[in-house]
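Written out below as structure tokens is the structure these notes cover.
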Amino acid sequence: MRIASFNINGIRARLETVTGWLERQAPDVAVLQEIKITDEAFPREPFEDLGYNVEVHGQKSFNGVAILSKSPLEDVSRGLAGDETDEQARWIEALVGGARPVRICGLYLPNGNPAPGPKFDYKLAWMERLKARAERLLELEEAAVMIGDWNVIPQPEDAEHPENWVEDALYRPESRAAFRRILHLGFTDAFRARHRGKGHYTFWDYQRAAHERNDGIRIDHALLTPQAADRLNECWIEAEMRAGPKPSDHVPLWVELED
DNA sequence: ATGTCGCGACTATCGCGA
């Protein structure tokens with residue numbers, strides 16, 4: 001099973017980029033973030049025409065996540081537990097069935113800037129709720145993947161210029177510690193299980209010619225339960241997408257699990 | 001110091017979020 005995560009930065013602006021990508025690459029599962037549209041307005045047909053089942057958790061203008069799957073999706077749930085007042089659409093979960101099922105958790109973690117401040121507090125609180133959900137996922141003892149835009153730079157080697165990020169919510173010690181607390185519950189960072197060292201990025205800002213200068217960061221991650229990690233074949237970043245037509249500021253992150 | 005996008009709003013520039 002090939003699973004791809006892609007922060008598309010708006011489905012309206014990215015529809016052709018995304019459908020063209022799906023036609024070329026044909027992932028079994030595509031997990032999308034920042035769709036920036038309501039469930040009702042999401043253009044389901046172009047994806048259904050490509051053979052995908054579509055599950056959306058959207059909202060107007062901002063955030064929004066979706067799961068596309070060639071196989072039927074079961075047990076779909078929307079929203080991250082732990083705060084009934086939270087109206088931001090950042091979490092969707094579904095089971096991809098079959099002989100060896102995989103639970104897919106698609107997430108768009110809050111950016112948290114400016115830090116300190118209420119947005120940073122929301123980020124850290126959201127990560128506490130995520131940790132609680134992660135603990136439950138481990139108890140299920142299933143193959144499960146928490147994949148998406150984590151908005152966390154885990155280590156200095158995950159930025160071309162880490163010194164430029166020290167005050168940023170994506171790199172502050174509190175964010176990195178919260179990420180580690182989740183990872184160290186017993187998850188595997190799929191990319192780091194297969195690749196070492198500096199120079200592997202999933203995001204380049206539109207501003208300041210960041211891509212031309214390769215001023216990137218690695219903030220899109222796939223965390224695997226032990227049952228999923230046992231099936232990990234490969235994990236890679238499709239960096240070429242950033243130089244293609246009408247790019248998102250993120251590129252796809254791929255995980256291949258043994259069927 | 002600034003540089004870019006996407007979206008939505010008192011439709012055409014601006015505020016917000018990233």
Side-chain angles (χ1 to χ4, degrees), chain A residues 5-21 31-44 46-47 56-66 80 86-92 106-127 130 147-154 158-172 174-176 178-179 201-221 237 239-253:
Chain A
S5 171
F6 194 3
N7 179 323
I8 62 173
N9 190 21
I11 189 59
R12 295 179 206 273
R14 214 70 58 209
L15 186 58
E16 288 185 29
T17 302
V18 176
T19 54
W21 169 70
V31 186
L32 307 180
Q33 302 90 39
E34 282 206 88
I35 60 174
K36 297 186 176 181
I37 201 167
T38 59
D39 294 3
E40 300 73 35
F42 187 89
R44 305 176 66 93
F47 300 106
V56 178
H57 181 41
Q59 69 180 87
K60 195 171 182 176
S61 307
F62 304 118
N63 311 316
V65 288
L80 183 61
D86 186 1
E87 293 181 349
Q88 300 191 25
R90 298 180 174 277
W91 179 268
I92 187 169
L107 68 103
Y108 175 48
L109 206 145
N111 175 292
N113 281 304
K119 291 184 176 178
F120 191 54
D121 296 341
Y122 173 70
K123 176 179 194 148
L124 297 178
W126 202 92
M127 293 185 83
L130 175 54
I147 189 167
D149 177 0
W150 285 70
N151 267 320
V152 175
I153 303 166
D158 296 312
E160 185 68 15
H161 297 291
E163 69 278 11
N164 292 348
W165 295 91
V166 291
E167 301 294 326
D168 196 284
L170 278 60
Y171 191 62
R172 287 180 68 106
E174 301 94 324
S175 307
R176 295 170 59 199
F179 178 82
Y201 308 128
T202 65
F203 170 91
W204 296 261
D205 203 299
Y206 287 125
Q207 299 189 66
R208 296 175 294 274
H211 185 247
E212 288 85 336
R213 297 183 293 107
N214 195 29
D215 183 6
I217 52 177
R218 191 177 73 94
I219 56 174
D220 297 84
H221 308 296
I237 297 165
E240 313 82 72
M241 284 290 285
R242 189 64 177 78
K246 204 111 197 309
S248 171
D249 42 5
H250 294 250
V251 295
L253 171 71

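Below, read A as the first sequence line, B as the second, and so on, with proteins coming before strands; counting in each chain starts at 1.
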Do [X] and [Y] have side chains that approach each other closer than 4.5 Å (heavy atoms only, starting at C-beta)?
X	Y	result
A:H250	A:S5	no
A:F179	A:I153	no
A:H221	A:P154	yes
A:M241	A:S248	no

Notebook entry, point to check: Taking the nucleotide of DNA chain B with the closest heavy atom to each, which residue, A:A209 or A:P110, is nearer the 5' end?
Noted result: A:A209
Next item on the list: Between A:N63 and A:A13, just flag the one whose closest nucleotide in DNA chain B comes earlier from the 5' side.
Entry: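 Its nucleotide being nearer the 5' end, the pick is A:A13.
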Note to self: Is there a side chain to side chain contact (heavy atoms under 4.5 Å, CB included) between A:Y171 and A:I217? Walk through the geometry before answering.
What the structure shows: CA-CA 10 Å; A:Y171 191 62; A:I217 52 177; over 6 Å; no
When the [atom1] atoms of [M] and [N] are compared, how many Å lie between them, rounded to an integer?
N	M	atom1	result
B:dA12	B:dC7	C1'	14 Å
B:dC10	B:dC16	P	14 Å
B:dG15	B:dA1	P	22 Å
B:dG3	B:dC14	P	14 Å

Notebook entry, point to check: Tell me, which stems hold DNA chain B, with a stem being 3 or more Watson-Crick or G-U pairs in a row and both distances under 3.5 Å?
Noted result: B:4-9 with B:13-18
Notebook entry, point to check: Reading DNA chain B 5' to 3', which nucleotide is the first, and which the last, to come under 4.0 Å of any heavy atom in chain A?
Noted result: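 So the outermost contacting nucleotides come out as B:dG3 to B:dA18.
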Item checked: Where at least one partner belongs to residues 110-119 of chain A, residue pairs that pass side chain to side chain donor-acceptor pair (under 3.5 Å), sequence neighbours excluded ->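 Those involving residues 110-119 of chain A are A:N111-A:N113, A:N113-A:D168.
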Check: So which of A:N7, A:D158, A:D220 actually passes side-chain hydrogen bond (donor to acceptor under 3.5 Å, both in side chains) with A:T202?
Finding: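 Output: one option passes, namely A:D220.
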Margin query: What contact category does A:F203 fall into here, base, sugar-phosphate, or nothing, at under 4.0 angstrom with non-hydrogen atoms?
Written below: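 No contact.
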Item checked: Under 3.5 Å: donor-acceptor pair, side chain of A:R208, backbone of A:R213 ->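 Not at all, since once roles are kept as given, no pair shorter than 3.5 Å links the two residues.
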